[in-house]
Amino acid sequence: MEYNYREIEKKWQKSWKDSQIYKVSNHSSKPKCYVLDMFPYPSGAGLHVGHPLGYIASDIYARYKRLNGYNVLHPMGYDSFGLPAEQYALETGQHPAETTQKNITTFRQQLDNIGFSYDWSREVRTSDPQYYKWTQWIFLQIFNSWYDHSNNKARPVADLIEIFEQTGNTAENGQRKTERKFSADEWNLFSHKEKQDILMEYRLAYAAYGEVNWCEALGTVLANDEVINGISERGGHLVVKKKMRQWYMRITDYAERLLEGLEKVAFSDAMKDMQRNWIGRSEGAEIEFKIEEPAEHTALQKDGLKIQVYTTRPDTIFGVDFMVLAPEHSLVTNIVTSGQQSAIVEYISYVKSRSDRERLAEVKQITGCFTGAYALNPFNNKKIPIWISEYVLAGYGTGAIMAVPCGDQRDFLFAKHFNIPITNIIGHYYNGEEANPTKEAALTNSDFLNGVPMKDAIGIVLKQIEEMGIGCRKVNYKMRDAGFSRQRYWGEPFPIVYQDGIAHPVNESDLPVELPHVEHYRPGPDGQGPLANIDEWVKAQSGWQRETNTMPGYAGSSWYFLRYMDPDNDTEFSDRKATNYWNQVDVYVGGTEHAVGHLLYSRMWTKVLFDLGYIGFDEPFKRLVNQGMITAKSYFFALESDYTEQIISHNKIENLNTAFRRFKNGHSYVDSNGKLTKNSFIKYLGDMGLDENDFNIKWIKEGEEDFIFLKEESEKMSKSKFNVESPDDVITKYGADTFRMYEMFLGPVEQSKPWDTKGIEGVHRFLKKLWRLFFDDTKGELWNDEKATPAELKILHNAIKKIGEDT
RNA sequence: GCCCGGAUGGCGGAAUUGGUAGACGCAGCAGACUCAAAAUCUGCCGUUCGCAAGGAUGUGCAGGUUCGAUUCCUGUUCCGGGCACCA
């Protein structure tokens with residue numbers, strides 16, 4: 001009798017299914033344990049060996065907890081809205097719902113093969129109307145809320161209206177600061193439209209104008225991913241920044257609590273670091289600089305123009321040698337002198353083609369343009385030239401900085417490049433070669449601050465500017481509000497209709513707002529999504545218009561862990577008793593790539609739902625485990641002699657590199673020494689549908705030593721790299737248990753590691769050995785019902801103790 | 001460019017708190033069993049000098065702290081992930 005994994009696994013998987021052994025109840029006297037995997041996007045490429053790594057780890061943990069007497073919630077589902085399905089639809093005309101269903105079937109079959117202990121009766125799909133009904137419902141709760149900074153929580157907009165009616169927004173009642181101030185009387189006299197516009201500035205889900213990557217030729221908005229150096233990936237057309245009306249999540253209102261919450265959860269320090277850096281809290285000041293108006297402008301502006309800058313270093317105010325505005329800054333057109341007009345216009349059009357990342361990344365190439373205007377230092381009235389440059393972003397701080405070249409390296413390089421004189425305010429700490437951001441220096445060239453240590457000067461300057469009424473302390477966050485609308489088809493429609501330009505929530509009883517059928521998936525007019533093409537849907541009622549944007553991928557994934565608790569509820573997103581019982585996710589397993597996306601958004605949504613009293617906890621995940629990525633190794637081989645000259649014509653080298661990439665570890669074309677012979681190489685090219693003659697190959701010598709190993713790379717598995725490894729083959733050949741054990745044996749779960757099938761035989765042999773402990777070819781069953789000896793029990797209990805300590 | 005990780009034999013990795021580097025497995029080599037092969041079992045297995053005993057050297061690279069560093073510090077190179085509309 002030998003280890004027949006096929007039969008064993010088939011038998012037990014059937015038994016689990018028939019007896020629904022992993023179905024879990026919301027009612028149990030046992031303690032609960034919630035073990036969750038990040039649900040997958042069901043891509044057309046199917047499951048690759050990287051997906052199950054985390055699933056296997058969490059499955060082992062879930063089984064362990066079950067055996068330890070816990071009532072374990074261990075569900076699985078699909079993040080099934082997304083761009084790839086829509087792209088595919090655009091190319092083939094197949095409905096995303098169909099391809100998604102097909103992909104899910106494949107995924108499910110692959111998952112079943114591995115033998116997980118999921119409770120499939122709780123499966124969720126974000127693209128299912130019964131699911132996104134509640135995504136829309138939660139969106140409306142967020143839309144109907146504002147953030148009360150006095151009580152540090154979200155509250156219904158109705159409360160805010162009451163406050164406005166009684167005190168206006170001049171009294172500090174915890175509202176965020178806005179430019180517009182009004183009294184109760186003024187509020188009451190505002191038109192309905194004015195009131196709604198004002199409320200939009202407070203809502204936690206709000207519409208505003210923001211910049212997007214606009215491609216005129218394709219008539220659509222593009223993801224950063226789809227733009228390469230200002231050119232669209234598809235078609236190679238020009239892409240520019242364009243302002244469009246967008247929906248946003250006001251996640252910045254939660255910045256402080258998202259930071260504080262990190263203290264309460266067991267995430268890795270690296271993960272916490274990433275989130276902290278992303279939120280990017282900085283303490284500083286906003287300072288107002290007057291602008292010395294050019295003679296040509298004085299007739300137009302009586303009151304004088306001012307620039308608000310944000311700085312973390314008010315102590316360096318006497319070292320300000322120039323100002324830099326973001327090119328998009330609204331003041332630019334007001335202050336530019338006629339002499340600089342054309343240069344500024346030209347520069348702005350250049351910046352429009354640049355992404356934020358490009359703008360910040362290329363420090364070697366310094367660009368900018370003088371506006372011709374000057375600001376005045378509030379302390380000594382020194383004239384400070386005002387420039388614009390791409391390294392200042394409109395979205396951060398006030399979109400304007402005071403540049404201190406002796407203390408900031410980017411400012412320094414800018415000053416050097418444009419020959420702006422540099423004031424040294426840090427004495428010998430500045431060497432003229434590079435900036436020094438020290439806080440240790442005693443100030444020089446700083447008027448009344450001369451000799452004062454910089455650390456003390458910060459407080460002194462802050463006090464001064466507050467007394468002079470030209471500035472105040474300000475905490476800033478690098479994080480921006482999260483864009484929440486997409487000009488796409490395959491996402492949740494917004495439950496919003498417009499009447500006379502005012503956004504209204506759809507009645508709860510009319511949810512879900514279902515995705516209508518479309519004839520094609522091409523963009524609508526003026527860069528709107530495909531939904532804008534369906535007039536009868538947009539204007540379902542006279543005088544009303546539907547929102548034609550859809551929600552982004554992270555909408556559905558921001559709350560799915562709550563739906564698993566009560567997946568079939570059609571009167572609530574999840575029953576309060578169920579969320580109270582299951583509470584936080586005890587262990588959440590997934591990749592680090594979600595650090596600043598999904599993991600922040602879902603934390604925010606949880607906090608909103610908590611604030612509004614719908615759930616009883618405000619952090620979704622108690623403990624997070626980040627599994628490492630399984631990369632695929634690619635090997636590059638070449639002839640021992642000079643490969644670029646001898647075997648490959650230069651125009652084919654790219655193509656051949658792609659071919660070489662597919663020589664992976666354990667590949668039968670490569671012998672055990674990693675050597676590749678002429679014959680095996682030709683056979684390989686043949687199998688690839690390529691011909692030797694395509695590559696202008698000259699064989700230098702024949703035999704075993706023809707090729708040498710050139711280089712090796714590990715990269716993310718992806719269809720386009722020819723390096724996706726499917727678990728199916730492994731399971732067919734060795735069985736699910738070998739596969740599961742092998743993935744665990746590759747190395748620590750948290751670590752990234754290359755996929756490599758060399759070791760799999762060893763693991764399989766181990767399982768066979770284990771089998772033989774119980775069955776023997778000749779003797780049959782080796783086990784019996786005799787009591788274990790004390791020595792045997794000791795070994796058993798040591799093992800149990802060790803496992804208990806390691807989890 | 002910025003933020004976060006990582007680098008240890010032919011390969012994946014271990015070394016839990018600064019204390020014998022290389023556990024365990026894979027691959028390889030040798031042997032046992034067999035007519036033979038597979039399977040299984042046993043032994044060897046970082047590099048280098050040496051018949052051996054034994055010595056030297058060795059955790060990406062360059063320094064430093066320490067009686068002692070894979071581990072701590074400084075610098076540096078390379079690789080992976082993220083950088084806001086991929087999910």
Side-chain angles (χ1 to χ4, degrees), chain A residues 2 38-43 78-87 126 210-213 220-227 233 244 246 248-249 251 268-278 280 355-365 391 395 409-410 478-488 491 549-554 556-557 590-598 600-601 626 628-629 631 633 665-666 672-674 711-716 718 741-742 745-748 750-766 768-769 772 777 805-806:
Chain A
E2 69 178 83
M38 288 184 188
F39 62 169
Y41 174 79
S43 80
Y78 304 97
D79 189 11
S80 48
F81 271 135
L83 198 51
E86 180 156 344
Q87 213 67 267
T126 55
E211 287 195 330
V212 293
N213 299 314
T220 183
V221 175
L222 296 175
N224 279 346
D225 250 29
E226 303 172 292
V227 185
E233 194 180 26
M244 278 180 75
Q246 306 283 331
Y248 291 90
M249 284 287 141
I251 194 169
S268 71
D269 289 340
M271 172 61 61
K272 288 183 181 180
D273 255 18
M274 272 188 265
Q275 295 207 345
R276 283 195 196 105
N277 288 330
W278 182 258
S355 72
D356 282 5
R357 201 188 311 179
E358 287 170 332
R359 285 172 59 171
L360 290 170
E362 289 176 31
V363 285
K364 279 177 205 143
Q365 186 194 345
Y391 80 92
Q409 187 63 13
R410 276 178 312 182
K478 228 181 263 158
M479 179 170 67
R480 305 197 291 266
D481 283 338
F484 196 69
S485 44
R486 304 289 183 263
Q487 293 68 41
R488 305 284 180 189
N549 281 320
T550 53
M551 299 188 198
Y554 66 83
S557 62
T592 36
E593 66 269 25
H594 300 285
V596 296
H598 162 65
L600 277 179
Y601 303 132
N626 296 116
M629 189 161 304
T631 51
K633 247 186 197 172
N665 218 359
S672 55
N673 298 316
K711 63 173 178 169
E712 173 188 321
E713 276 180 11
S714 283
E715 37 189 21
K716 203 171 174 174
S718 113
M741 191 170 239
Y742 182 61
F745 206 76
L746 278 172
E750 291 92 344
Q751 204 167 301
S752 281
K753 55 236 159 186
W755 179 249
D756 173 358
T757 50
K758 269 196 209 154
I760 208 152
E761 284 285 351
V763 171
H764 190 59
R765 274 202 284 270
F766 174 86
K768 281 194 202 165
K769 282 181 208 169
R772 281 203 306 275
D777 282 348
E805 284 166 357
D806 286 351

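The sequence lines fix the lettering, A, B, ..., with proteins before strands; numbering per chain opens at 1. Remember, it's a predicted structure, so these values are computed and weren't measured experimentally.
Side-chain N/O atoms of A:Glu226 and base N/O atoms of B:rC85 include no donor-acceptor pair closer than 3.5 Å. The base of B:rC85 sits with one of its N or O atoms less than 3.5 Å from a complementary donor or acceptor on the side chain of A:Gln246.
Between A:Met741 atom CE and B:rC24 atom C1' the separation is 12 Å, expressed in whole Å. Regarding A:Met479, its CE atom lies at a distance of 16 Å from the P atom of B:rC83, rounded to whole Å. When the P atom of B:rC41 is taken as reference, atom NZ of A:Lys768 falls 11 Å away, rounded to whole Å. Atom CG in A:Asn224 sits about 13 Å away from atom P in B:rG82, given to the nearest Å. Residue A:Lys478 contributes atom NZ, which lies 15 Å from atom P of B:rC83 at whole-angstrom precision. Per the geometry, CG belonging to A:Asn277 stands 9 Å off C1' belonging to B:rC2, to the nearest Å. The distance from atom CE of A:Met551 to atom P of B:rC85 is 16 Å, rounded to the nearest whole Å. Look at CG on A:Asp273: it is 17 Å from P on B:rC83, rounded to the nearest Å.
A:Asp79 places no side-chain N or O within 3.5 Å of a backbone atom of A:Pro40 that could act as its donor or acceptor partner.
Straight-line distance between the C1' atoms of B:rA7 and B:rG60: roughly 6 Å, to the nearest whole Å. Across B:rA52 and B:rG68, the matching C1' atoms stand 31 Å from one another, rounded to whole Å. As rounded to the nearest Å, B:rA56 and B:rG5 have P atoms that lie 38 Å from one another. For the P atoms, the distance linking B:rU47 with B:rU42 amounts to 23 Å, nearest Å. Nucleotides B:rC83 and B:rU48, compared at atom C1', are 47 Å apart to the nearest Å. Between the P atoms of B:rG19 and B:rA30, the separation comes to 40 Å (whole Å). A gap of 11 Å separates the C1' atoms of B:rG12 and B:rA27, to the nearest Å. Taking atom C1' on both B:rA21 and B:rA38, the two are 38 Å apart, rounded to the nearest angstrom.
Across all strands shown, the partner of B:rC67 is B:rG19, judged by Watson-Crick or G-U wobble contacts whose two distances both fall under 3.5 Å. Remark: B:rA84 base-pairs with no nucleotide in the shown strands. Criterion, Watson-Crick or G-U wobble with two distances under 3.5 Å. The pairing partner recorded for B:rA32 is B:rU40, the criterion being a Watson-Crick or G-U wobble arrangement whose two distances lie under 3.5 angstrom.
Between A:Met274 and A:Gln487, it is A:Met274 whose nearest contact on RNA chain B lies nearer the 5' terminus. Toward the 5′ end of RNA chain B lies the nearest nucleotide of A:Val596, the other residue of the pair A:Tyr601 and A:Val596 mapping further downstream.
Counting non-hydrogen atoms under 4.0 angstrom, A:Ser43 reaches nothing in the nucleic acid. Nucleic acid contact class of A:Phe745 (heavy atoms, under 4.0 Å, all strands): base. Among the atoms of the strands shown, none is found under 4.0 Å from any heavy atom of A:Lys272. Within the 4.0 angstrom heavy-atom criterion, no nucleotide atom of any strand lies near A:Ala595. At a threshold of 4.0 angstrom between heavy atoms, the contacts of A:Val212 include nucleobase atoms, whether or not backbone atoms are also involved.
A:Phe81 places none of its side-chain heavy atoms less than 4.5 Å from the side chain of A:Thr550.
The heavy-atom pair separating A:Gly483 from A:Pro552 by the smallest distance is O-CG, 4.3 Å. Scanning all heavy atoms of the two residues, the minimum distance from A:Ala482 to A:Tyr601 falls at CB-CE2, 3.5 Å. A:Ala595 and A:Met274 get closest at one heavy-atom pair: CB-SD, 3.8 Å. The nearest pair of heavy atoms linking A:Asp481 to A:Tyr248 is O-CD2, 3.9 Å.
In summary, of the residues considered (A:Gln246, A:Gln487, A:Arg488), a side chain to side chain donor-acceptor pair (under 3.5 Å) with A:Asn549 occurs for A:Gln487 alone.
Glycosidic conformation at B:rG46 (O4'-C1'-N9-C4 for purines, O4'-C1'-N1-C2 for pyrimidines): anti, more than 90° from 0.
At the phosphate of B:rA84, neither OP1 nor OP2 sits under 4.0 Å from any side-chain N or O atom of A:Arg480. When the side-chain nitrogen and oxygen atoms of A:Arg765 are compared with OP1 and OP2 of B:rC41, none of them lie within a distance under 4.0 Å.
Nearest to the side chain of A:Ala270, among B:rC85, B:rA87, B:rC4, sits B:rC4.
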